[in-house]
2 protein chains.
Amino acid sequence: MGLTKSAQFTDAQNELSALAKAIGHPARIAIIEYLLSVDTCICGDIVEVLPLAQATVSQHLKELKNAGLIKGNIEGTAICYCIDEKGFERTKSFFDYVMVSLQNKRNECC
Amino acid sequence: MGLTKSAQFTDAQNELSALAKAIGHPARIAIIEYLLSVDTCICGDIVEVLPLAQATVSQHLKELKNAGLIKGNIEGTAICYCIDEKGFERTKSFFDYVMVSLQNKRNECC
DNA sequence: TTATTATATCGCAATATTACGATAAATATA
DNA sequence: TATATTTATCGTAATATTGCGATATAATAA
């Protein structure tokens, strides 16, 4: 089997899990952190910083872009990537919701 | 190959990506949402709510527990699971950091 | 036009995840 | 003790992800 039953879950559940999944790799965390540390960036910069081959980095960038966490502009022969705030805001609002729910509950269960 | 090069990344990067990875499945989002919506819960409750077999749900619960996102108490023949605030706080602080970094930057790149 | 440079995609091999039925383990009940 | 009930684990099959070398693609430079 091994096929996630996406159709059985809500759109919100699928969208949020897709965002979290995209963040769920150390190389992609490193890319996000790097993008936050520089004003602008091209793919080549990141390849030099990461301990991975160019093809692999390109793949990780694609996944972050598909998830809506980064966006890119063509800039001559290079591509300038940067953080896409909207994706992060959606993910952050989930954690805010979780935190608020927890405080409204004061769970004595465990 | 297919073996994530964890050793090449920092502990913080690996820990955070592990948390995000655990959240990165719609069934596990659904479990978290369910735990937030009830005061207490046992595995049987969740199995009825989710469109998955009991063995699969148990596996997802185990992953959430390993990631430190939920915790469980033995309660007779049942197990009471609930949210582990610490794991969520660590993940949330990452998004807070990302958001603060973005605001301090006003990225004109893309 | 012909390099050169930068990024993306293809194809492959290896590991990981997902899902489930069957079964084990542990506690409660008759 | 025997039987149900509940959750965990095992074994297996299928799909997904990771990583890289090789190659394609696109734009600049000579």
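- Using a 4.5 Å heavy-atom cutoff, the side chains of B/His60 and B/Leu64 are not in contact.
- Atom pair B/Arg28:CZ and C/dT18:C1' shows a separation of 9 Å (rounding to whole Å applied).
- Residues B/Asp96 and A/Lys92 are in side-chain contact: their nearest non-hydrogen atoms beyond the backbone lie under 4.5 Å apart.
- Proximity of B/Tyr81 to the phosphate of D/dT6: no side-chain N or O atom is located under 4.0 Å from OP1 or OP2.
- The two residues B/Ile46 and B/Cys41 come nearest to each other via the heavy atoms CD1-SG, 3.7 Å.
- Here the P atom of nucleotide D/dT28 and the CD1 atom of A/Ile79 are 12 Å apart, to the nearest Å.
- The separation between B/Gln8 atom CD and D/dC20 atom P is 9 Å, rounded to whole Å.
- With distances taken from any side-chain atom of A/Lys5 to the nucleotides C/dA16, C/dC20, C/dA6, the minimum falls on C/dC20.
- At least one side-chain heavy atom of A/Tyr34 sits under 4.5 Å from a side-chain heavy atom of A/Asp45.
- If you measure from atom CD1 of A/Ile46 to atom P of D/dG19, you get 15 Å, rounded to the nearest angstrom.
- Rounded to an integer number of Å, the gap from CD of B/Glu48 to C1' of D/dT6 is 12 Å.
- In this structure the side chain of B/Cys43 never reaches within 4.5 angstrom of the side chain of B/Ile79, judged on heavy atoms.
- Remark: P of C/dT27 and CG of B/Asn73 are 14 Å apart, rounded to the nearest angstrom.
- At a threshold of 4.5 Å between non-hydrogen side-chain atoms, the residues A/Tyr81 and A/Ile31 do not count as touching.
- If you check C/dA19, C/dT7, D/dA8 against the side chain of A/Thr4, the one that comes closest is C/dA19.
- Atom CG of A/Asn14 and atom C1' of C/dT18 are 14 Å apart (whole Å).
- If you check residues 50-68 of chain A against DNA chain D, the residues with a heavy atom closer than 4.0 Å are A/Leu52, A/Ala53, A/Ala55, A/Thr56, A/Gln59, A/His60, A/Glu63, listed by number.
- Taking the six-membered ring where tryptophan is involved, the planes of A/Phe9 and B/His25 are perpendicular, since the angle between them exceeds 60° and thus also 30°.
- Between B/Gly76 and B/Leu3, the residue anchored nearer the 5' end of DNA chain C, judged by the nucleotide with its closest heavy atom, is B/Leu3.
- Residue contacts shown for B/Ile42 are limited to sugar-phosphate atoms, with no base heavy atom under 4.0 Å away.
- A/Lys21 has a side-chain polar atom (N or O) that falls below the 4.0 Å cut-off from OP1 or OP2 of D/dT17.
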